[in-house]
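Only one structure is covered here, and it is reproduced in the block below.
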Amino acid sequence: MTSSHFGYHGKILRVNLSNGSITEEVVDISTLQQCLGGTGLGAKYLFEEVKPDVKWNSSDNRIIAFTGPLAGGPTPGSGTISFVTRGPMTNMAGSAQANGFFSAYLKSNGFDGLIIYGTSPDWVYLAIEAGRAELRDARFLQKKDTWETEDILSEQFKSKKASVYSIGVAGENLVKFAALAGDKGHVVAHNGIGAVFGAKKLKGIAVVKDKLLPPFYDRKALVELSRAQFKYSKEVYGGARAKWGTAAHVAALYKSGQLPIKNLSTSVWPHYEKFTGQYIRAHFEHKPKPCWACSLHCKYMKVTEGPYAGFEAEEPEYENLAGFGPLVGNTDPGATVV
Ligand code: SF4
């Protein structure tokens, strides 16, 4: 690595699922500078390696996962990973991102990204630990959902912290809108990437936290900027979003006629108060669920009333609450997380 690689290792992993080979590859500095960020790098490799006639479920399609230059640093949200592939919904290029820890942990193993191709003869998952990667038998994980898979694989790494992204039954069965989910509540959702994993018989990827983070040009300045960004995020909207989550805005949106109700057919909906962050935080059980370097508003939630009492999931953001609540005429906020 040269000093001009600041924020990157200049190294990725290539994984051939057809023959099980895994190789390390150097990425030159000009590529890292020209295609800044996970999606930029992913788009470059997809464009160069997946020709127009390659179908989404072909062995020649790629699953490309890249980190950005801030991954693993002190900036809130820098655990975000970007996946790029040709997806089944359009048979065209697509990218999707998810927060959590994956990007930071991948970087901490000395890698900036992954390029996965081929098709495995049987179900496998990719394990990355202590700077090494290997494909492991995943037949025992078939028909497990993503939370079960995450629990089982995390247990295998004992006390070490692992980030696990996997597909559930939908991805295994090539449902065209199947997602990839990980870090208990984060979803790589666009363009059916879960089906691409399924077509390659790749159940998931588990990466264990390590210590090999790349240097930053001026870490002190980055820490100061990150603190300022976090402070702004806590104080914006009078602190309401940090205190109540993005659902803090439900009441204001309702009163100003902007809440989507019954497929936008009315603006009258007396149930809106049960969908506010204020109601949900007061009536359901919560515990903090921060991502890498971030401790803003995100929480696990346990439903405590209604027919879904006892169900646990990540607290929905405003979009989920509105989409599975007023937009479809559902009056039970607990049902929006099921
Ligand atoms: S904790 Fe919430 S706000 Fe912070 S990075 Fe994760 S999803 Fe985003």
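Atoms within a ligand are numbered from 1 in the order they appear, just like the ligands themselves. As the structure is a computational prediction, the values presented were derived from the model and not from experiment.
- Ion pairing between a basic and an acidic side chain is recognised when a charged N comes within 4.0 Å of a carboxylate O; Lys289 and Glu315 show no such pairing.
- Checking side-chain atoms of Arg219 against main-chain N and O of Tyr217 turns up no donor-acceptor pair under 3.5 Å.
- Protein N/O/S atoms closer than 2.8 Å to atom 2 (Fe) of ligand 1: Cys298 SG.
- Ring-plane geometry between Tyr300 and Trp147 is classed as perpendicular, the angle between the planes exceeding 60 degrees on a 0 to 90 degree scale with a lower cut at 30.
- Under 4.0 Å is where a charged nitrogen must lie from a carboxylate oxygen, and between Asp53 and Lys51 no such pair does.
- In terms of the side chain to side chain contact (heavy atoms under 4.5 Å, CB included) criterion, Ala293 has no residue partners (sequence neighbours excluded).
- The environment of CZ in Arg227 is sparse: at most 12 heavy-atom neighbours from other residues, nucleotides or ligands sit within 6.0 Å.
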